[in-house]
Amino acid sequence: MKMVVAVIQPEKLDEVKQALFDIKIQRMTVSRVRGCGQQGGFEESYRGQVHKVNLLDKVRIEIAINDEFVDDALKAIISSAKSGAIGDGKIFVWPLEKCIRIRTEEDGPEAIG
Amino acid sequence: MKMVVAVIQPEKLDEVKQALFDIKIQRMTVSRVRGCGQQGGFEESYRGQVHKVNLLDKVRIEIAINDEFVDDALKAIISSAKSGAIGDGKIFVWPLEKCIRIRTEEDGPEAIG
Amino acid sequence: MKMVVAVIQPEKLDEVKQALFDIKIQRMTVSRVRGCGQQGGFEESYRGQVHKVNLLDKVRIEIAINDEFVDDALKAIISSAKSGAIGDGKIFVWPLEKCIRIRTEEDGPEAIG
Amino acid sequence: MFRHSKWISSGLLLSLSSTLSAQDAEPVGNALASSSDAFFILIGAVLILSMHAGFAFLEVGSVRQKNQVNALNKIICEWGFSTLIYLFVGYPLARGLNLFGSVAEVGGVNGIEYMRFFLFLGFAACIPAIISGGVAERAKFWTNSLAGIIFVGLVYPLIEGFTWGQYSDGIATADGWLAQTFGAPFHDFAGSAIVHGTGGWLALPAIILLGKRIKRYESNSIKVSSIPFLALGSWILIVGWFGFNVMSAGALEDIQGLVAMNSLLAMVGGTIAAMLFSKNDAGFVHNGALAGLVAVCAGSDLYHPLGSLAVGAIAGALFVFMFEIETEKWKIDDVLGVWPLHGLCGLWGGIAAGIFGQESLGGSGGVSFMSQLVISCGIAVVAALAGFIVYGALKAAFGIRLDEQQERIGSDLSIHHIQSNPEDAL
Amino acid sequence: MFRHSKWISSGLLLSLSSTLSAQDAEPVGNALASSSDAFFILIGAVLILSMHAGFAFLEVGSVRQKNQVNALNKIICEWGFSTLIYLFVGYPLARGLNLFGSVAEVGGVNGIEYMRFFLFLGFAACIPAIISGGVAERAKFWTNSLAGIIFVGLVYPLIEGFTWGQYSDGIATADGWLAQTFGAPFHDFAGSAIVHGTGGWLALPAIILLGKRIKRYESNSIKVSSIPFLALGSWILIVGWFGFNVMSAGALEDIQGLVAMNSLLAMVGGTIAAMLFSKNDAGFVHNGALAGLVAVCAGSDLYHPLGSLAVGAIAGALFVFMFEIETEKWKIDDVLGVWPLHGLCGLWGGIAAGIFGQESLGGSGGVSFMSQLVISCGIAVVAALAGFIVYGALKAAFGIRLDEQQERIGSDLSIHHIQSNPEDAL
Amino acid sequence: MFRHSKWISSGLLLSLSSTLSAQDAEPVGNALASSSDAFFILIGAVLILSMHAGFAFLEVGSVRQKNQVNALNKIICEWGFSTLIYLFVGYPLARGLNLFGSVAEVGGVNGIEYMRFFLFLGFAACIPAIISGGVAERAKFWTNSLAGIIFVGLVYPLIEGFTWGQYSDGIATADGWLAQTFGAPFHDFAGSAIVHGTGGWLALPAIILLGKRIKRYESNSIKVSSIPFLALGSWILIVGWFGFNVMSAGALEDIQGLVAMNSLLAMVGGTIAAMLFSKNDAGFVHNGALAGLVAVCAGSDLYHPLGSLAVGAIAGALFVFMFEIETEKWKIDDVLGVWPLHGLCGLWGGIAAGIFGQESLGGSGGVSFMSQLVISCGIAVVAALAGFIVYGALKAAFGIRLDEQQERIGSDLSIHHIQSNPEDAL
Ligand SMILES: Nc1ncnc2c1ncn2[C@@H]1O[C@H](COP(=O)(O)OP(=O)(O)O)[C@@H](O)[C@H]1O
Ligand SMILES: Nc1ncnc2c1ncn2[C@@H]1O[C@H](COP(=O)(O)OP(=O)(O)O)[C@@H](O)[C@H]1O
Ligand SMILES: Nc1ncnc2c1ncn2[C@@H]1O[C@H](COP(=O)(O)OP(=O)(O)O)[C@@H](O)[C@H]1O
C-alpha cells in the first residue's frame with residue numbers, strides 16, 4: 001500500500017477527480033493548502049503597507065492506494081493536472097504500513113477502497 | 001515511531017479526542033479536510049445551476065506515536081469514531097523516521113509526547 | 001528523499017520561511033491546522049455555555065527534500081521556530097519513495113526542487 | 001398605539017376619509033398634516049421592515065453555518081406569507097378594515113390607510129420572525145411557515161383585536177370593564193406584551209415540541225457561527241426599533257420625544273445590565289440591548305427616563321438569567337433565546353408599565369398594575385396555548401422537525417440545496 | 001415622478017424660486033411645506049444612496065471571493081464618477097438646470113433644488129451599479145468606469161430628458177404626440193423602464209461583448225462566495241426601494257400610501273413567485289423580491305394593490321425563467337442576472353402600467369397600453385444600441401476585459417492588490 | 001448647528017416650553033411645526049445612532065479576526081456608558097440643561113427636548129467610537145472605557161459648551177470677543193473640529209502612550225481581516241452622515257438642501273482623491289469618502305458645492321498621505337487611522353470653513369479665517385492635552401494595555417472569552 005499525495009492547482013481539482021474516477025479510484029481526502037515554489041508570488045498592499053505573498057492557493061489530494069494501482073493513479077493525476085505552466089504542482093509517494101476502515105475495522109488492502 | 005492519520009466524521013472529533021486523552025495520548029494535529037468515498041455526496045443548486053458536491057466535510061487527525069502505543073491508539077480511535085454508517089472514515093499508519101520537539105530540540109521517542 | 005513536516009506557531013511562519021529561503025529551500029506546502037499538546041488550551045463561553053478549546057492554531061509546513069539537505073533544513077526550522085515557550089511545535093520526518101513534478105513529469109531527486 | 005379607537009373600530013371603510021377630513025377645517029394645513037402623517041407612518045413602516053433583516057442576521061450569526069441560508073430564506077419568505085395572510089384575513093379580523101375597495105375609496109387623502117396597513121403588518125410579521133429564532137436549525141420549512149401563517153392570520157389578530165383593534169372596547173377604553181374593575185385600561189403603547197409577548201410565548205411550546213437539536217447537550221458540540229453577523233442583526237434591530245416605538249404614535253402630531261428617549265435609555269439599561277451580569281459576553285450584550293427595547297415598548301410613552309433605564313436594566317438581567325435557566329437547567333433548546341427575550345421581557349414590559357408608569361415613580365400615570373398584570377399574563381397564556389395547539393396539531397399531522405439526516409447535513413443543504421458559502425466547498 | 005413638467009422644463013434657474021414661492025401665499029404654512037418637501041426628498045435621496053451599498057453587497061455575495069473587493073471599490077467609485085458627470089453634464093442635459101449659480105440663487109427656499117439633484121442623481125447612478133453586476137469578475141476597471149461615465153453623462157440623461165425632463169413634452173404630457181396617438185402619455189412613475197430598463201438593456205451588449213468568464217460553463221467551476229452577503233445586499237436594496245418609489249412623488253403633499261402598498265405587494269409577489277418556481281433557491285428568492293420592486297416602479301401610483309401583487313409575481317417568475325434561459329441556454333454569462341432583473345422586469349414594468357393601470361383592472365386609469373409598450377420597448381432598444389456602441393468602441397479602442405492571468409488571480413489582486421480577507425492568506 | 005444660542009444658553013428648563021410656544025401664534029401650524037421638528041431631529045438622531053454600527057464594522061473589518069468581537073462589544077457598551085455619563089454630567093455641563101425634571105415639565109410640546117438630547121448624544125458618543133479605532137487590538141477594555149467616560153462626561157462637553165453650548169457667548173456669537181477680534185465668530189456647523197477634531201486629537205496621545213502592536217513593524221505580520229466588513233462600516237457611516245450633517249440644522253424649517261449637496265460632493269471628492277492617490281486601494285477609497293465627510297461638516301451650510309468638492313478632495317488626499325506618514329514614517333500605530341481621518345481632516349474642516357466659506361470663493365461668507373484657525377487649532381491642542389493627561393494618568397494608575405499574552409491570543413478571547421467565528425474552531 002502507498003500513500004499518494006498530490007499538490008495541484010485549485011482549478012484543476014475537478015478534472016483530477018474525474019480522471020481518478022474514470023479509473024475507479026474514488027476514495028480520497030482533499031484539503032486547501034498554500035504552496036510556495038518556482039511560481040513566485042505577488043505583492044499585496046493595504047493603505048500603503050506592502051505585503052509579499054508567496055504562498056499561493058493549492059489543493060492537496062491524499063490517496064491511500066494499493067501498489068498495483070499506483071502507476072495508473074500517477075498517470076491519471078499527471079495528465080489531468082498538467083497545464084504546462086509553472087505552478088502545476090507535485091506528487092509525493094510513500095509506503096503505507098496500515099490502512100483501516102473505521103466502520104468495519106477491516107485492515108489492509110481491502111480497506112483502502 | 002509511527003505516524004497515525006485518521007480521517008473521521010467532524011462530529012466525532014470530540015469523542016475521539018476524549019478517547020485518546022483517556023489513554024494519555026494528548027498530542028495531535030488536527031485539520032478540516034474534505035473526503036470523497038463510498039458515502040456519495042449531494043447536489044447543490046444555485047439559480048438553476050447544479051453542482052455535484054462529492055467532497056464532504058471530514059476531520060483529519062495526525063498523531064505521531066511510539067510503536068508500543070499504536071495498537072491502543074487505533075483501538076481508541078476506532079471505538080470512538082465508529083457509528084457503523086458509511087462515511088465513518090479511515091486510519092492510515094506509516095513509519096516515522098524522526099520526531100523533533102522544536103522547543104527542546106529533543107529527538108526520537110521522547111520527543112513525541 | 002524525505003518528507004519533513006513541521007508544525008509551528010502561526011506567528012513564526014514568516015521567520016521559518018525566511019530561514020529556509022536563506023539556505024535555498026524554496027519549495028513547500030503550508031496549511032492551517034489546529035494542535036493539541038502540552039500547551040493546554042482555553043475556555044470559550046457563549047451565553048453562559050462553556051466550551052473547552054484545546055486545539056490551538058498552528059501552521060503545518062510540508063517539505064519534500066533530498067537527503068543531503070535534511071539536516072540543514074531541520075536546523076533552519078528549529079532555530080527560526082523556537083521561542084522556548086511551550087507550544088513551539090514538532091518536526092516529523094519520514095522517507096519518501098517518489099516525487100514527481102507534474103509540469104515536466106520529472107521523477108526523483110531533481111523533481112523536488 | 002393608535003389610541004383613536006373610534007376610527008379603528010368604525011369598521012366602515014367609506015367613513016374613513018370623512019373621519020380624516022373632519023380633523024381640521026383649514027385646507028392648507030390639513031393637506032400638509034395628512035401628508036406628514038403619511039410620511040411619518042411610512043418611515044415607521046420602513047424601519048420595521050428593515051428590522052426583519054435584523055431578525056435574519058441575528059439568526060444567521062447565532063446558528064451554525066449549515067443553517068444560515070435557511071435563516072435568510074425563512075425570514076424573507078415569511079414576510080411574504082405574513083403580508084398576504086394579514087392582508088386577506090388578519091387585518092380585517094383585527095381592525096375591521098379591509099383594503100380591497102377601489103383605490104379611490106380606500107386611498108383617500110395620501111392613502112394613509114395603506115401606510116397604516118404597512119405599519120401594522122410590520123408588527124404582525126414580527127411573530128414568525130420571533131419564533132424563527134427559537135425553532136432554528138431543526139424545524140421543517142413548510143410546517144413552520146404554516147404555523148406562522150396561522151398565527152399571523154388568526155392568533156395575533158385576535159390578540160391585537162382585543163387590545164388595539166375592533167374588539168378592544170372592554171380592555172382598552174377608559175370605560176371598559178377592565179378599567180372599571182382595576183381603575184385603568186390596559187396600556188401597551190408599542191407592543192411589549194401584544195407583539196413580543198405573543199411571539200415569545202407562541203415560540204415556547206414550539207421549541208418544546210420540537211425538542212433539542214442533535215447533540216445539543218454534549219460538550220463542545222454546537223457553537224454559533226458568527227459574532228459579527230449576530231451583532232449586525234442586533235444593530236439593525238436596534239436602529240429599526242426607534243421606528244417600532246416612536247411611530248407607534250400613529251400620527252405625526254402625536255410624536256413624543258419621550259418615547260425615543262425612553263427607548264434609548266431602556267436599550268442602554270439592557271446593554272449594560274447584560275454586560276455586567278454576563279462578564280461582557282458578546283451574545284448577551286447585543287441581545288441585552290434588544291431585551292431593554294422589548295421591555296420598554298409598552299410604557300415608553302409613560303415612563304420617566306430613569307424609569308426606563310430601570311425597566312431596561314431589569315430586562316437585560318432577566319434575559320441573561322432566564323436564558324441560562326431555560327437552556328442549561330431546563331434544557332429547553334431555545335436557539336436564540338426568544339422566549340426569555342421576547343416572551344419574558346415582553347411580559348415584564350407589559351407589567352412594568354403598571355409599575356414604572358405610575359406617577360409615584362415619575363411616570364405619567366393613568367395605568368393600573370392589575371390591568372397590566374392580568375392582560376399581559378392573559379396574552380402569554382393565550383399565546384402559549386395557541387402555540388401548543390397549532391404546533392401540536394402540525395406535529396401530529398405532518399411532523400414539524402427535519403429528519404435526523406437532514407438536520408445533520410443542515411437545513412441549508414436539505415431544504416435549499418446550497419451552503420451559505422458555496423465557494424468554500426471544494 | 002415629478003409630473004410638474006412646467007418647472008422642470010422651465011430651464012431658467014432664476015425663475016425657480018419664484019415658481020416655488022408662487023405655490024402658496026400663506027407664509028407660515030408655506031415655510032413648513034417647503035422645508036417638509038426638502039426633508040421628504042432628502043430621505044428619499046438618502047435611502048437611494050443606501051441602495052448603492054445594497055448593489056455592492058449583492059455583488060460581493062454573488063461573485064467569487066477573489067472579486068469581492070473590486071465589487072466594493074467599483075460601486076463606491078462609480079457613485080463618485082456619476083455624481084460629477086451628472087452634475088456637470090447629465091443633469092443640465094436632462095432637466096435644463098444647472099446648479100453652478102451662487103448658493104443664494106440656486107438654494108432658494110431650503111435649497112430644495114439641491115435636494116432634487118441628490119434624488120435624481122440617485123436614480124442616474126443606478127445605471128453603472130446595475131451594469132456592474134452583469135460584467136462582474138472580468139471587466140476592466142477603467143474602461144468600465146468610462147462606459148458608466150458616458151451612460152450617466154449622456155445616454156441616461158437623454159432618455160430621462162425625453163420622458164421626465166426638458167424634452168418630455170411629446171411623450172409625457174397630456175397633449176403631446178404620444179397622448180394624441182394612443183390616448184394617454186407615457187407613464188413611468190419611478191423608473192421601471194427609464195431607470196431599470198435602461199440599465200439592464202445597456203448591460204446586455206456589455207455582457208455579450210465581454211464574453212463568458214473563464215471556465216464558466218465547465219462543471220463545478222464557478223460558485224458564488226456568500227449567501228449572507230448576497231442577502232444583505234438584497235435587504236438593503238429592498239428597504240431603500242421604499243425611498244426610490246415613494247419619494248418619486250417629489251413633494252410631500254403628493255406622497256401616496258398606495259405607492260408604498262404597491263411596492264410592498266410587488267415585492268411579496270416577486271419573492272413568493274421566485275420561491276415557488278425555484279424550489280426555495282436562496283439566490284432566486286432574494287432577487288425575486290427585487291424583480292417585483294423593479295417591475296412595480298412604473299405603475300406603483302396607479303395599480304390596485306392586488307394588481308401590484310400580480311405585477312410582482314409575474315416579474316418574479318419572469319426573472320427565474322429568463323435568467324435560466326439567458327445563462328444556461330443562451331450561455332450569456334450575466335453574473336448577477338441584471339438583464340432579466342432590471343432589463344426584462346423593467347420592460348415588463350413599463351408595459352404592465354398599461355395593463356394593470358387600466359381602470360378595468362382596478363387601476364386609476366389614464367394610461368395607454370400602446371404608449372407604454374412603444375416607449376418601454378423604445379427605451380430598451382435605444383439602451384441596447386447605446387450599450388453596443390459604447391462597449392463596442394471601448395473594446396476596439398482599449399479592450400474591456402482583464403487579461404487571462406488577471407482574471408484567474410481575480411480582479412481584487414490584479415486591480416486593487418489585495419484580497420477580500422487579507423488575513424486569511426498565510 | 002443650533003445657532004439659536006439664546007435658548008441653548010437659557011439654562012432654565014421651565015422656560016423652554018414657553019420659548020418654543022412663542023415661536024408662532026397660529027395653533028394648527030404650530031402643532032405641526034413642532035411635531036415636524038421632533039420628527040426631523042428624531043431621524044437625525046436615529047441616523048447618527050446607526051453610525052455607531054458603522055464605527056463598529058469599520059473596526060471589525062480593519063482589525064485581525066482575533067479582535068473583532070472586542071470591536072463590537074466596545075462600541076455598543078461605550079454607547080451605553082456615553083449615554084449615561086452625558087445624561088448625568090456632560091449635557092448639563094455643555095448646555096446647562098438637565099432632563100431629570102418631571103416628564104410634563106421637560107417634555108413640553110412633543111418632548112422635543114428629549115429628541116435634542118438624543119441627537120446631541122449621538123455626537124458626543126462619537127468621541128469614544130473614534131478613539132476606539134486608533135487603540136484597537138491592544139487597549140484594555142476597562143481603562144479605555146473609563147477614558148471614554150471622562151471624555152464624554154467632561155472634556156467634550158467643555159469643548160461643546162464653549163463653542164455650541166452655554167459658554168459660547170465669547171466664541172460663537174456675533175458680538176463675542178472672537179468676532180470682535182477677527183471679524184466673525186467661530187463657525188462649525190456639524191462638528192468637523194468640535195466632534196471629529198476632538199475625537200481624533202484625543203486619540204493621538206492614547207495611541208502613542210499605548211505603543212505599537214506586537215510585531216506591527218515586522219514584515220507580513222499584521223493584515224486586516226475583512227474588506228467587506230470594512231466597506232459595510234464605511235457605507236453605514238456614509239449614509240448616517242447625512243443625518244449628522246443635515247439634521248444639525250436642529251429645526252425642520254432650517255433644513256438646507258445645500259448641506260446635503262455639500263456633504264455629497266465632499267464625500268465624492270474624498271473618495272475620488274483617495275482613489276487616485278492610493279492606486280484604488282480599498283482601505284483608502286472607503287475611508288476617503290469618510291475623510292471628505294469629516295472635513296465638510298464645519299462649513300457644509302456655507303460652501304458653494306464646488307467648494308465642498310475641493311474641501312473633500314483635499315481631505316481625501318490629506319488622509320492618504322498623512323496616514324502613511326503617521327504609520328509608516330513616524331511609526332505611530334494608529335490602527336484605523338483615526339488621527340488623520342478625524343483629527344487632521346476635522347482640523348482641516350474647521351479651517352476650510354474660513355477659506356471656502358468666504359464669499360470670494362462662492363461661500364455665503366460671514367466667517368473669518370483667523371477665527372476658524374484659532375479655535376480649530378485650539379480644540380486640537382486642548383483635546384491632545386486632555387488625551388495625554390487622561391491616558392497618561394490611567395497608564396500610570398492601572399495600565400492601559402493588555403499584557404503580551406492577552407494581546408497575542410487576541411482581545412476577543414482574553415476579554416470576551418469567545419472568538420468571532422466560534423464554530424470555525426475545531
Ligand atoms: N519540495 C516540495 N515540498 C513540498 N511541496 C512542494 C515542493 N515542491 C513543490 N511543492 C508544491 O507544489 C507547488 C507547485 O510548485 P512550483 O515549483 O510552483 O511549480 P512547478 O513545480 O510546477 O514548476 C508549490 O506551490 C508547492 O505547494
Ligand atoms: N483510499 C483512501 N485514501 C484517502 N482517503 C480515504 C480513502 N478512503 C477513504 N478515505 C477518506 O475516508 C472518508 C470516509 O470514507 P467512505 O468510503 O465514505 O466511508 P467508509 O469507508 O466508512 O465506508 C472519505 O470521505 C475520505 O476522506
Ligand atoms: N505526537 C504528536 N503528533 C502530532 N502532532 C503533535 C504531536 N506532538 C505535538 N504535536 C503538535 O505540535 C504542537 C505543539 O506541541 P506542544 O506539546 O503544545 O508544545 P511543545 O512540544 O513545544 O511543548 C501541538 O499543538 C501539535 O499540533
Side-chain angles (χ1 to χ4, degrees), chain D residues 24 26 28-30 32-33 36 39-40 43 47 64-65 222-228 230-232 234-236 238-239 242-243 246 251-262 264-265 267-272 275 279-283 285-286 289 302-306 309 362-364, chain F residues 26 28-29 31-32 34-36 38-39 41-43 45-47 49-50 52-53 56-57 60 68-69 72-73 76-77 79-81 83-84 87 99-100 102-104 106-108 110-118 121 141 226 229 232 236 412 415-425:
Chain D
D24 193 324
E26 204 248 329
V28 173
N30 194 27
L32 190 57
S36 293
F39 181 29
F40 178 68
I43 297 299
L47 282 168
R64 285 166 291 178
Q65 232 189 336
I222 295 189
K223 292 178 181 177
V224 304
S225 54
S226 167
I227 304 292
L230 179 163
L232 178 63
S234 197
W235 269 108
I236 298 174
I238 289 168
V239 171
F242 285 85
V246 178
L252 179 57
E253 294 199 1
D254 296 332
I255 189 175
Q256 295 174 62
L258 183 63
V259 173
M261 182 75 176
N262 281 339
L264 170 66
L265 286 175
M267 171 215 160
V268 165
T271 308
I272 293 181
M275 182 205 57
K279 305 204 193 98
N280 220 331
D281 176 296
V285 167
H286 285 89
L302 300 177
Y303 302 140
H304 186 277
L306 300 182
L309 188 64
S364 342
Chain F
E26 204 249 328
V28 172
L32 190 58
S34 108
S35 57
S36 293
F39 182 28
I41 297 177
L42 172 78
I43 296 299
V46 168
L47 282 168
L49 170 63
S50 80
H52 285 79
F57 281 93
V60 163
Q68 289 182 336
V69 173
L72 294 163
N73 266 33
I76 198 170
C77 287
W79 171 268
F81 304 147
T83 302
L84 297 186
L87 175 65
L99 302 176
F100 305 123
S102 80
V103 166
V106 181
N110 297 121
I112 202 157
E113 283 309 306
Y114 293 123
M115 293 294 194
R116 283 202 178 105
F117 169 77
F118 189 7
L121 166 66
F141 192 90
S226 167
F229 278 133
L232 178 63
I236 298 174
D412 292 0
I415 302 173
H416 309 281
H417 310 290
I418 197 158
Q419 295 169 290
S420 61
N421 297 288
E423 198 189 2
D424 276 3

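Not measured: the values here are computed from a predicted model. Order of the sequence lines sets the chain letters (A, B, ...), proteins ahead of strands, with each chain counted from 1.
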Q: Using a cut-off of under 4.5 Å for heavy-atom pairs, which of D/L230, D/L309, D/L232, D/I238 has the most such pairs with chain F?
A: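 If we count pairs closer than 4.5 Å to chain F, D/L232 comes out on top.
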Q: Do you know which two heavy atoms are closest between D/S225 and F/E423, and how far apart they sit?
A: CB-OE1, 3.4 Å
Q: Considering residues at least two apart in sequence or located in another chain, which fulfil the side-chain hydrogen bond (donor to acceptor under 3.5 Å, both in side chains) criterion with F/N73?
A: D/N280, F/H416
Q: Looking at CG of D/L252 and CG of F/N110, how far apart are the two atoms once the value is rounded to the nearest 0.5 Å?
A: 7.5 Å
Q: Donor-acceptor check, side chain of F/Q68 to backbone of D/P228, threshold 3.5 angstrom: yes or no?
A: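 Pair absent, no side-chain N/O of F/Q68 close to backbone of D/P228.
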Q: Does any heavy atom of chain D fall under 4.5 Å from the side chain of F/L47, the backbone, both, or neither of them?
A: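 F/L47 has no heavy atom closer than 4.5 Å to chain D.
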Q: Measuring from atom CG of F/L87 to atom CG of D/L265, what distance do you get when rounded to the nearest 0.5 angstrom?
A: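 F/L87 CG to D/L265 CG: 6.0 Å, rounded to 0.5 Å.
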Q: Just verifying a value: how many Å separate F/F118 CZ and D/F242 CZ, rounded to the nearest 0.5 Å?
A: 4.0 Å
Q: Is it the backbone or the side chain of F/I418 that comes under 4.5 Å from a heavy atom of chain D, or both, or neither?
A: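 Interface part for F/I418: side chain.
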Q: With chain F, which of D/R64, D/M267, D/Q256 has the greatest number of heavy-atom pairs at distances under 4.5 Å?
A: D/R64
Q: Over all heavy atoms of both residues, which pair between D/P305 and F/V103 is shortest? Give the atoms and the distance, please.
A: CD-CG2, 4.2 Å
Q: Could you state the interatomic distance from CD1 (D/I227) to OG (F/S420), rounded to the nearest 0.5 Å?
A: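 Nearest 0.5 Å value for the CD1-OG distance: 7.5 Å.
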Q: Examine whether an atom of F/A425 lies under 4.5 Å from a heavy atom of chain D, and if so say whether it belongs to the side chain, the backbone or both; otherwise answer neither.
A: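 Both parts, heavy atoms under 4.5 Å.
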Q: Less than 4.5 Å to any heavy atom of chain D: does that hold for the side chain of F/S36, its backbone, both, or neither?
A: both
Q: Is D/L264 close to F/Y114 at the side-chain level, that is, under 4.5 Å between some pair of heavy atoms?
A: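 When only atoms from C-beta onward are counted, D/L264 and F/Y114 do not touch, as no gap falls below 4.5 Å.
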Q: Parallel under 30°, tilted from 30 to 60°, perpendicular over 60°: which one fits the rings of D/F40 and F/F39?
A: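 The rings of D/F40 and F/F39 stand perpendicular, inter-plane angle above 60°.
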Q: If you take all heavy atoms of D/A260 and F/L42, which pair is closest and at what distance?
A: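 Looks like CB-CD1, 3.8 Å.
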Q: Where does F/F81 contact chain D at under 4.5 Å (heavy atoms): side chain, backbone, both or neither?
A: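 Both backbone and side chain.
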